[in-house]
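To start, the structure under review is shown below, and the notes come after it.
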Amino acid sequence: MANVTTANHVSEPGLEPLSIAGRSFSSRLFVGTGKYDSFERMTAALDASGCEVVTVAVRRERLYNDKGQSLLDHLDLSRYTILPNTAGCFTAEDAVRVSRLGRDLLEQVGNPGASWVKLEVLGDKKTLLPDPIGTIEACKELVADGFQVLVYSSDDPIVAERLKACGAASVMPAGSPIGSGQGILNANNIVICLEKLKQGDPAYPVIVDAGVGGASDVARAMELGADGVLLNTAVAHAKDPVMMAHAMRKACECGRQSYLAGRIPKRLYASASSPWDGAISYIPGE
C-alpha cells in the first residue's frame with residue numbers, strides 16, 4: 001500500500017491519512033482537470049490544492065485537446081493518482097466501455113489509477129443527475145471486471161446502500177447538481193447516507209461529489225462527516241483558480257478537524273458563557 005503522507009499534514013491533529021481502494025492519501029480533496037483556460041493554470045491550481053488524486057474525463061477528449069496536446073503531459077504521474085471518469089456517459093454500456101479505455105491508457109503510463117474509475121451514468125444532459133439503474137448495472141459489471149469503482153450517486157440513502165452492496169470502493173453522493181455551485185442542498189440526506197454506508201464499517205470512504213461553489217461548501221461537507229470532497233468547476237472557473245484551490249485545501253482540513261473535534265449541539269435559547277453566580281445586575285424574572 002502506497003503512503004504519500006506528508007509531514008505538513010500529520011503535524012496537525014485529526015489530519016490522518018484517508019484509506020481508499022487500497023491506497024492511502026494525506027489529502028482528502030479530489031480535484032478535476034476540466035474547464036481550465038490553460039494547462040499551466042490547471043497544474044498551478046492542482047499544486048495549490050494539495051490534492052493527490054486528480055480526475056480526468058476519458059470519453060470527452062480521450063486525454064487530448066483540440067490542439068493535440070495530451071493532458072497527461074501536464075500532470076506529474078509520479079505525484080498524482082489519476083482517477084479516470086466516465087463523464088458524458090448516459091448508459092451503463094458506454095460507461096463500461098469508457099472505463100476500459102481509461103484503464104488501457106493509464107496502464108500504458110504505469111499510473112496506479114489504471115484500475116480505478118469514477119463511475120458516472122447520467123440521466124439527462126440538463127440536470128446531469130445520475131441514472132440509478134444504469135449506475136448500478138455498470139457498477140456491478142466493473143467490479144466483476146476488477147475495477148475499484150468510486151461511484152457518483154444522488155444523495156438518496158437507499159441508492160447509496162445498493163451501490164455499496166454492488167462492491168463500490170466508495171460511494172460519492174452529490175451535494176447538488178454538477179457545476180451548479182449550490183453547495184450541500186440536503187444535509188440531512190448526506191448524513192443519512194453516511195450513517196447507512198458506515199454502519200458496521202466506519203472506515204468505508206464516503207466522498208461528497210459535485211455542487212461545490214466555495215470553500216464553505218467543502219468545510220460543510222467535511223463537518224457533516226464526509227471523508228473527502230471531489231470538486232472541479234468551483235476552482236477552474238474562480239476568478240483566481242490558484243487562490244481558490246488554496247482556500248479549498250484549508251477548508252477541507254478545517255472541516256475535518258471541526259468534525260472530529262465535535263461541534264456543540266444547536267439550542268433554541270442562549271447559554272451564557274460566564275456563570276450567573278455573583279452577578280451584580282438585576283436579572284428579569286428572578
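Both backbone and side-chain heavy atoms feed into the values below; hydrogens, waters and symmetry mates do not.
- Put simply, the residue from Thr81, Asn85, Thr33 that forms a side-chain hydrogen bond (donor to acceptor under 3.5 Å, both in side chains) with Thr55 is Asn85.
- Under the 4.0 Å criterion applied to side-chain N and carboxylate O atoms, Arg256 and Glu12 are not assigned as salt-bridge partners.
- For Asp47 and Arg79, the salt-bridge test passes: some basic side-chain N is under 4.0 Å from an acidic carboxylate O.
- For the 3.5 Å distance criterion, the side chains of Glu223 and Ser258 qualify, holding a donor opposite an acceptor.
- Distance check, rounded to the nearest 0.5 Å: CD1 of Ile158 to CG of Leu163 gives 11.5 Å.
- A side-chain donor-acceptor contact under 3.5 Å links Asp76 and Ser78.
- Within the structure, the side-chain hydrogen bond (donor to acceptor under 3.5 Å, both in side chains) test picks out the following pairs touching residues 232-241 (sequence neighbours left out): Lys35-Thr233.
- Applying the side-chain hydrogen bond (donor to acceptor under 3.5 Å, both in side chains) definition to pairs two or more places apart or across chains, none involves residues 211-220.
- Under 4.0 Å is where a charged nitrogen must lie from a carboxylate oxygen, and between Glu52 and Arg28 no such pair does.
- Under the side chain to side chain contact (heavy atoms under 4.5 Å, CB included) test applied with Tyr80, the options Leu46, Val31, Val53 reduce to a single match, Leu46.
- A donor-acceptor pair is defined here as one N or O able to donate and one able to accept, closer than 3.5 Å; no such pair exists between the side chain of Asn111 and the backbone of Ala114.
- Annotation for Glu93: atom CD does not count as buried by contact number, only 12 or fewer foreign heavy atoms lying within 6.0 Å.
- Taking both residues in full, the closest heavy atoms of Ala45 and Val235 are given as CB-CG1, 3.9 Å, listed atom of the first, atom of the second, then distance.
- Using a 30° and 60° split on the angle between ring planes, Phe30 and Phe25 fall in the perpendicular class, above 60°.
- Contacts classified as side-chain hydrogen bond (donor to acceptor under 3.5 Å, both in side chains) and involving residues 197-212 (residues at least two apart or in different chains) are given here: Lys118-Asp209, Lys164-Asp201, Lys198-Asp227.
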